[in-house]
S.K.: 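The structure under discussion is supplied below as structure tokens; questions concerning it will follow.
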Amino acid sequence: MSDTPTSTSAKVLSARPPLWRDAVVLKWVTQLFLLFIVLTSLWFLTSQAGDNLEARDIPSDFNFIERPVDIQLSEGIDTHPDSGGRALWVGMVNTIRISIVGIIFATILGIIVGLARLSNNWLVNRLGTMWVETLRNIPLLVQIIFYFSVLTVLPRVTLESGPINGWFHISNKGISMPRVFLADGFYQWLVVVLIGAVVGYYVHRHRTRIHNETGTITSPTLWALAVITLFAIVGIFIHPIFSWVGSIFGALASLFDSLPVLVPQIVLSGVALVGAAMWVRKFIRKHRSARGHLSLVDDDWFRIIFTAAVSIILVFVFISWSGLSSWILNSGRDLFEVIESKFNVDGAARPFDAMRPEIIQKGKFPNYGPSGLTMSVSFAAVFFGVVFYTSAFIGENVRGGILAVPKGQIEAASAVGLRRSQALRHIILPQAFRVILPPTGNQYLNLTKNTSLAIAVGYSDIVQVGTTVFNQTGKTLPVVGIWMLFYLSCSLTISVIVNWFNVRMQLVER
Amino acid sequence: MSKLFKLLSLFLAVGVVAAACSSDSSDDAGTAAPAETTAAPATTAVELDADGSLLDTVIARGTLNCGVSGSAVAFSETQADGSVTGFDADYCRAVAAAVLGDADAVNFVALTASERFTAVQTGDVDLLMRNTTWTQSRDSDVGMDFGPTTYYDGQQLMARVGDGFDASSTVADLDGAIVCTNAGTTTEKNIAEAAELAGADIELLAFETSDEVYETFIAGGCDITTTDGSALVGRKVKQQPADQEWVIFPATPISKEPLGPTYGQNDSAWADAINWTVYATIIMDEWGVTSANVDDHVNDPGEVGRLLGGEGELQTVMGLSADAFYNVISQVGNYSEIYNSNLNPVGLVREGSANAGWLDGGLIYAPPAR
Amino acid sequence: MSDLNITGVEGTVAIKPPPETPKLPPREWLKENLFSNKFNTLLTLFSTAILLMISRGLLSFIFNPERQWGSTATNLRLMMTQAYPEEQYMRVWVSVAVIFTLVGASMAIWNAGSRVTLRRLGSFLLSSGVVINILTLLAPFSGQAKLIWLIIGSAVAGAGGTLLRVSDKDKNISSLTLVVATLTAAILSLWIVPFGHHSFVFERTPRSMAETGTVALTTKLPWTIMVVIGILAYFFGKTMTSRFPSKNLRPTIIGIWFLTPPTLLYLVLRDPDFDMGHVLNTDIPIFLIFAIAGGILLSWLTRPTTGEIGRVCAALVLLAGFGMFFTPMRMIIRILMLLLATFALAAPTFAGDSKKQRRYVLAWIGVSGIITWLVTAVNTPSTIEVPGDFFLGGVSLTLLVAIFTIVISFPIGILLALARTSKMPIFRILSTWFIEFVRGIPLITILIFFSIMVPLFLPKGMELSEVSAIVIGYSLFSAAYLAENVRGGLQSVTRGQHEAAEAVGMTTSQKTFFIVLPQALRVSIPPLVGHCIGVFKETSLLAIIGLFDILYIARNVIPNQTEFLGSTRENLLFVSLIYFFFAYQMSKASQRLERRVGLGER
Amino acid sequence: MNEIENTETSASTRDLSNAPDMIVCEGVSKWYGDFQALDDVSATIKEQEVVVVLGPSGSGKSTWIRCINRLEHHQEGRIEVDGIELTNDLRNIEKVRSEVGMVFQQFNLFPHLKVLDNVTLAPIWVRKKPKAEAEEQAAALLERVGIPEQADKYPGQLSGGQQQRVAIARALAMEPRIMLFDEPTSALDPEMIKEVLDVMKELALSGMTMMVVTHEVGFAKEVADRIIFMDDGQIVETGTPEVFFSNPTEDRTKLFLSQIL
């Protein structure tokens with residue numbers, strides 16, 4: 001086994017062509033040449049930028065994150081942030097908020113649109129087509145601005161306005177609806193629900209087993225949901241019994257506090273090294289033939305070396321940058337302390353609270369009070385913009401996905417006697433979902449990125465806040481860096497989730 | 001054949017693009033010697049700052065790059081044919097008339113609020129005529145110099161009479177109001193400060209364009225709008241619907257907004273040329289010399305004659321031609337003419353305002369020309 | 001045959017003639033398609049209500065007397081080109097005429113258009129008449145206007161109904177005839193219908209004027225001529241088709257199409273005032289040196305016997321080209337050097353006998369000549385003074401930025417896609433990182449970054465206008481997405497194709513250029529067109545960074561003109577229509593193309 | 001060849017005249033737009049009978065067989081399966097479909113389910129069988145079609161012949177009284193055809209009522225009780241294999257036979 005590769009390589013050596021004709025040499029020379037050019041250009045550009053920044057006296061450090069800034073945000077968790085970092089944080093939260101809500105509603109609306117496009121009802125079908133064609137062909141930015149200027153002509157607020165007075169108000173000052181929010185007892189209640197989820201899981205398994213044994217329809221999912229709901233309802237009354245959970249987190253926090261910086265350094269380095277080693281092992285195993293013969297081409301060697309190099313660089317970074325490790329320790333401690341404090345409430349606290357929107361007359365003007373959940377006009381414009389726009393694309397994905405299920409599948413399903421609903425559940429949807437998911441994941445990415453157009457209507461998302469920050473402090477480069485980092489991590493999160501589903505659902509082929 | 005053809009068209013396309021891009025990189029455009037080290041192109045002012053004034057550069061170039069807003073009602077509007085008109089635009093033209101002898105030799109550059117100072121620093125524009133308020137930090141920290149104030153403005157508020165406001169209302173009456181204003185300007189900060197001082201609790205809504213502010217105000221989405229008084233008057237005259245009545249208050253603006261020409265600092269020849277162009281329009285207004293009758297006054301004795309070029313030394317010493325200010329008056333007009341033709345249509349009148357001449361109790365005043 | 005008796009299992013059965021083709025009468029059609037069951041009926045009622053609400057809202061907005069549609073009409077020119085000098089409009093009209101000629105000729109040569117049965121036309125007319133009438137009833141018209149519109153609607157519906165009844169099943173009409181008829185009607189309406197005459201006068205004070213009557217002569221006359229030219233060009237194309245084989249004709253026309261945009265751009269934007277001394281002393285010698293030296297180099301490189309040494313030489317030229325960017329050098333030398341390097345790298349792919357060699361060298365001389373001329377022309381001051389820079393403003397800016405972005409990002413995207421699928425790991429890693437990085441961040445951050453930061457990254461003395469910087473940023477952004485589309489196509493090329501190409505002895509680059517890429521691009525036509533539409537739509541983001549694109553004009557400029565305060569919504573609606581028109585046409589065209597190429601069939 | 005001759009007699013000499021009718025078609029016609037796909041087709045198929053439908057492509061064989069399973073709707077005439085008439089009544093359709101198994105030309109296996117799940121899906125959800133029982137039955141059926149070892153694979157991992165045998169097992173899992181085969185071997189490689197045909201032969205010998213659309217003349221000769229020849233949507237000729245192949249009466253039949261034999 002061991003002598004076969006040697007003999008082949010010896011043969012190769014003996015027949016080695018001149019360097020300029022050796023495919024492998026040429027291949028690597030070309031690549032290194034390109035790498036050289038790319039690195040030189042990057043170096044050139046950065047050095048230019050450094051010189052220019054210095055010449056124009058433009059600072060590009062990050063100290064604005066802690067410095068006070070003079071910014072007023074239109075909405076968010078904190079409309080008068082006291083530092084640049086806090087302002088950007090508010091912007092990030094706003095972006096994430098509108099993205100998540102947007103994704104949920106765009107999905108619902110998109111499915112409706114897609115089904116409408118497949119509908120037998122001529123009018124509904126045409127309406128769906130009109131919806132898709134119109135919204136897809138007008139730039140999102142134009143749409144957002146248009147909704148914005150249309151929303152401003154809604155009726156004025158009066159003390160008794162709203163379609164469902166006392167519950168739901170629509171006016172040109174925004175849309176106000178009842179607000180449900182987490183109260184002090186929420187985390188204890190959450191523990192109850194988690195226990196409920198575990199119980200629900202076992203109920204689900206049990207019901208499935210009964211179904212498998214007897215063949216009766218036992219609807220396990222329904223049962224599991226019912227169990228969880230039951231726990232949730234009961235939890236509202238009994239959750240204070242879990243107040244002791246906080247002490248666990250307290251212990252964790254003190255553990256993190258007492259750990260030396262070396263521990264995360266070692267753990268991180270270990271993870272990097274072990275991860276790389278495992279990857280290499282898996283890689284080699286995959287390239288070993290059934291009889292154990294290992295054949296690696298230069299490309300494979302490159303991968304192995306690259307992985308090793310990356311892991312060593314990572315180890316180097318972890319060790320030399322002790323700030324990272326202490327940051328992990330500190331933020332871990334803070335996190336657990338925060339969670340612990342969440343459990344430190346008196347027994348009477350409720351998990352949720354709800355408030356109805358109100359209109360209050362202050363001074364001369366009737367306006368929405370703080371009690372309801374108020375959607376500002378800017379938020380509404382961006383929200384409707386991204387939701388409508390994305391729904392058109394998701395609708396097309398849904399339609400395409402369902403149409404992509406071959407007709408034979410539906411025929412076969414009915415030939416074995418499945419009903420339409422059963423065929424839909426067991427045959428069409430699982431297959432359509434595979435087709436729908438990847439492009440829809442892309443649409444989720446796009447939606448998240450498209451919320452950046454909020455800058456046009458003054459919704460305080462991260463781009464709008466960032467623009468204000470660098471207009472005030474002149475630190476464009478750092479702010480742009482933060483934007484990119486933020487959006488990249490958003491995109492990464494979404495694509496990781498979508499990929500996870502994707503891999504799990506891939507069809508197995510020969 | 002067709003393969004080669006496809007490749008060729010690809011090359012051509014790329015080449016055309018490269019060529020198009022190269023048009024903007026003027027490093028070698030005008031220079032005669034190919035391998036000469038980066039000679040300063042005529043268009044950039046940065047290098048010339050060291051040894052000469054921007055005045056020479058502008059005269060050599062033959063056009064004035066004037067930074068304006070391009071979308072400020074009555075001050076600099078972009079018109080349907082692409083031309084820029086308005087109070088600020090006329091002052092750009094006046095400077096061009098004085099420096100170059102031709103009021104039309106202006107290249108208007110539309111700038112947003114955030115890019116205006118950078119544009120001056122990098123030399124993209126020679127002069128900023130863009131509703132820029134003269135403040136301490138801009139004069140010192142930002143590196144600008146300010147010319148004589150051409151328009152004394154101040155931030156005011158506008159509300160509906162139907163909501164119980166009148167001209168004597170104060171900021172304290174704003175309690176509970178939604179106040180709309182333009183995003184990214186100092187007006188936001190001013191109203192927030194003023195409301196805090198007066199103990200009024202307000203909610204601020206900032207809009208990207210001023211038109212959206214007023215559309216929202218008309219529809220009732222805002223209870224109050226606030227911006228410079230000049231803009232409020234114009235909007236009230238032009239846009240107040242039949243079923244509403246608007247009122248502007250308080251009589252004393254909540255901020256001082258002196259607007260005037262702005263240019264890069266430490267270039268005194270260029271500053272003098274601009275400042276005296278403005279002063280010339282004011283002085284001529286004091287003497288009643290207009291574009292219509294300027295020819296009759298060329299040989300007048302005293303200040304008028306001196307400025308119009310009768311004895312041209314004062315101008316030639318500055319680096320301008322002797323008839324520089326004659327060109328300003330004849331081609332553009334005096335202060336009153338500029339003011340009335342641009343601002344009267346939107347309801348702004350000089351009489352009784354801060355922009356009346358000093359003899360009429362206003363603040364418009366010029367040093368003597370001797 | 002029909003009287004044939006066959007032996008069935010249960011005896012003989014006579015075959016009867018088939019019954020009439022089942023065709024649904026309107027009432028049954030309605031029942032089948034709208035009210036087949038309770039749920040469907042509910043849906044129908046619901047969507048009817050929504051439709052009526054939307055149309056009513058839109059109509060009452062459009063025909064509200066308070067709306068200042070004059071602002072749009074007066075500012076049309078601003079919206080199209082920002083400020084192209086009026087006395088130079090002849091250039092624009094010539095360009096439009098050239099495009100109309102090409103469109104007409106191409107339609108003839110590619111046999112565009114299909115047959116439309118008169119029945120379909122009839123039912124289309126009938127339904128549009130009905131829709132017009134319904135909309136008229138919804139709209140807030142005065143009595144007289146309502147009557148006029150009702151009459152028009154009924155006339156259209158009546159015509160459609162008559163057609164439907166009179167014509168028999170197989171009668172049809174060419175869709176081109178319909179297009180011509182529609183165009184003629186549109187042109188005629190310019191001469192007849194009093195749309196009003198909106199103009200802008202600038203004497204001492206600016207003034208917008210709105211007069212009644214038909215539109216200005218400067219509008220209707222040129223358009224009439226253009227339509228006539230288009231129709232004439234169609235017949236010209238027809239005669240050409242009968243005279244020459246389409247094998248030669250079509251590539252020629254495609255070539256002209258490729259050359260048209262840059263040529264017309266120069267026609268419209270530049271009237272170079274050549275400094276002949278400079279041209280003779282520097283530009284022409286530089287070109288000659290490059291043409292001759294490059295020609296010799298290339299003729300050597302295209303010799304089949306040269307072999308791999310050629311690539312080394314090409315790489316050296318490329319290195320020299322890049323080096324020139326770091327030293328002070330005339331831009332034309334840098335560009336020609338890079339171009340030469342590209343030609344040299346591609347040379348082995350086109351190697352062959354002396355005829356092929358000659359052709360390749362000639363191609364080099366031609367391309368370098370055109371490029372030299374272009375660079376010289378661009379760098380010479382123009383007598384046409386256009387505010388708003390090379391890209392003009394308004395729709396022109398939108399279109400030019402979109403076209404430039406697509407053209408630049410196309411080769412970059414293809415290269416990225418090739419790199420990402422290549423067997424060379426460093427290429428793959430670099431391009432993957434680039435693509436994923438760019439795709440992870442929103443366009444607006446890239447545009448803001450490029451508009452503010454690019455001047456900082458340039459060497460001293462080099463300047464780049466804001467629009468150019470943005471076009472570069474936008475191209476990089478677009479290239480990443482384009483690369484993903486092309487990659488999809490590359491992956492769809494089967495292994496058999498690669499193997500077959502290798503089996504006949506093609507080199508990797510020959511295989512890529514002649515076998516893989518053509519197939520891959522063909523497969524990725526639909527996503528590529530979709531991408532182009534996206535690029536076009538997203539140019540609207542330029543408004544955020546303050547460029548004079550059509551959205552900026554509609555939102556920031558026109559509503560701030562003294563005459564037209566408060567006209568944001570009218571102009572936004574108009575802008576939406578413009579975008580919709582272009583994007584919808586493009587997507588329809590791509591669908592037709594898909595069907596034509598035979599893609600998208602399962 | 002020998003083998004065929006031997007079995008041929010055994011299958012086609014069965015006397016089925018007293019067996020009950022399983023499928024009755026009377027004057028079935030169907031149009032696609034203007035094109036008439038079925039033209040007054042009438043036939044009766046007895047229990048345990050094996051009928052092979054022959055004919056040139058486009059002659060309406062597949063349409064007919066799909067009408068019997070209500071995958072297509074006939075527009076005139078009536079079809080009765082085991083005494084149940086096929087109308088728009090959903091209950092009837094369901095009943096018929098659980099009595100009739102169908103095997104398609106393109107297999108139409110569910111690619112997202114394992115082979116075992118493909119077979120057990122319908123028994124569990126339609127017949128409401130316990131899972132264990134269904135799996136037991138599925139294993140037996142896979143054994144019967146000769147691929148017990150593939151139960152845990154996905155259809156995409158199998159060869160064409162194996163896939164088609166899974167499809168037969170899937171159809172059999174519903175314990176149908178009639179099996180319809182719509183060109184079951186047309187999409188297969190030659191060496192795989194035999195394995196599928198063997199399964200079908202075994203099925204025929206076990207007494208299943210079968211209706212087979214195929215081009216496999218050998219199979220028809222060997223297994224069929226009766227041959228039905230279709231052209232232009234009409235039944236042109238029917239007869240026992242011996243008569244049909246050696247002694248056709250119609251010109252169209254002769255022409256067809258001369259082309260394929």
Side-chain angles (χ1 to χ4, degrees), chain B residues 2-5 7-29 32 34-38 40-41 43-44 70-74 77-83 85 107-108 110-112 115 122 209-212 214-215 218 235 238-239 341 345-346, chain C residues 74-75 77-78 82-83 86 200 202 204-206 208 251 255 258-259 262 278 282 328-331 333 335 339 342 346 350 359-360 363 367 370-371 374-375 378-379 387-388 390 404 407-408 411 455 460-465 468 513-514 546 548 555-557 559-562 565-566 568-569:
Chain B
S2 78
K3 292 281 148 57
L4 187 63
F5 177 76
L7 192 77
L8 277 189
S9 38
L10 197 72
F11 280 153
L12 254 185
V14 177
V16 167
V17 169
C21 289
S22 80
S23 76
D24 307 304
S25 53
S26 49
D27 60 336
D28 60 343
E36 209 176 50
T37 45
T38 54
T43 46
T44 51
S71 49
V73 178
E77 300 173 9
T78 309
Q79 294 298 349
D81 62 349
S83 61
T85 64
N107 176 27
F108 289 103
L111 296 170
T112 61
E115 57 187 18
T122 57
T209 70
S210 41
D211 207 53
E212 281 158 5
Y214 297 99
E215 293 272 304
I218 292 170
R235 293 288 175 169
K238 287 279 179 183
Q239 277 185 284
S341 68
V346 292
Chain C
T74 311
N75 282 292
R77 227 176 94 193
L78 188 70
Q82 186 181 353
E86 203 161 3
F200 174 76
F202 183 48
R204 189 66 190 83
T205 50
S208 299
F258 265 102
L259 290 177
H278 185 251
T282 50
M329 186 66 60
R330 296 191 66 83
M331 190 46 103
I333 301 184
I335 291 176
L339 200 64
T342 326
F350 293 92
R359 206 182 269 166
Y360 198 68
V367 170
I370 293 174
I371 295 294
L374 282 180
V375 173
V378 165
N379 284 336
F390 174 76
F404 270 78
V407 168
I408 298 176
K460 252 213 172 97
M462 194 163 152
E463 275 187 14
L464 208 55
S465 75
S468 311
F513 270 105
F514 300 147
F548 258 69
R555 192 185 179 210
N556 295 40
V557 173
N560 281 314
Q561 293 172 347
T562 313
L565 297 178
T568 309
R569 268 169 280 161

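The sequence lines fix the lettering, A, B, ..., with proteins before strands; numbering per chain opens at 1. Keep in mind that the numbers below use all heavy atoms, side chains included, and drop hydrogens, waters and symmetry copies.
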S.K.: Quick check against the 3.5 Å criterion: does B:Gln79 have a side-chain atom that pairs as donor or acceptor with the backbone of B:Thr85?
M.R.: no

S.K.: With a 4.5 angstrom heavy-atom cut-off, could you sort out which part of B:Thr78 is near chain C: side chain, backbone, both or neither?
M.R.: both

S.K.: Does the side chain of B:Arg235 come within less than 4.5 Å of B:Asp211's, by heavy atoms?
M.R.: yes

S.K.: Can you tell which of C:Asn75, C:Val557, C:Thr562 has the highest number of heavy-atom pairs within less than 4.5 Å of chain B?
M.R.: C:Thr562

S.K.: Could you pull out the closest heavy-atom pair between B:Thr112 and C:Gly546, with the gap in Å?
M.R.: CG2-CA, 3.9 Å

S.K.: Quick one: closest heavy-atom pair of C:Arg555 and C:Pro559, and the distance?
M.R.: O-CG, 3.4 Å

S.K.: Quick check on B:Val73 against chain C: is it the side chain, the backbone, both or neither that has a heavy atom closer than 4.5 Å?
M.R.: both

S.K.: Looking at C:Leu565, C:Thr74, C:Leu78, which has the largest count of heavy-atom pairs under 4.5 Å with chain B?
M.R.: C:Leu565

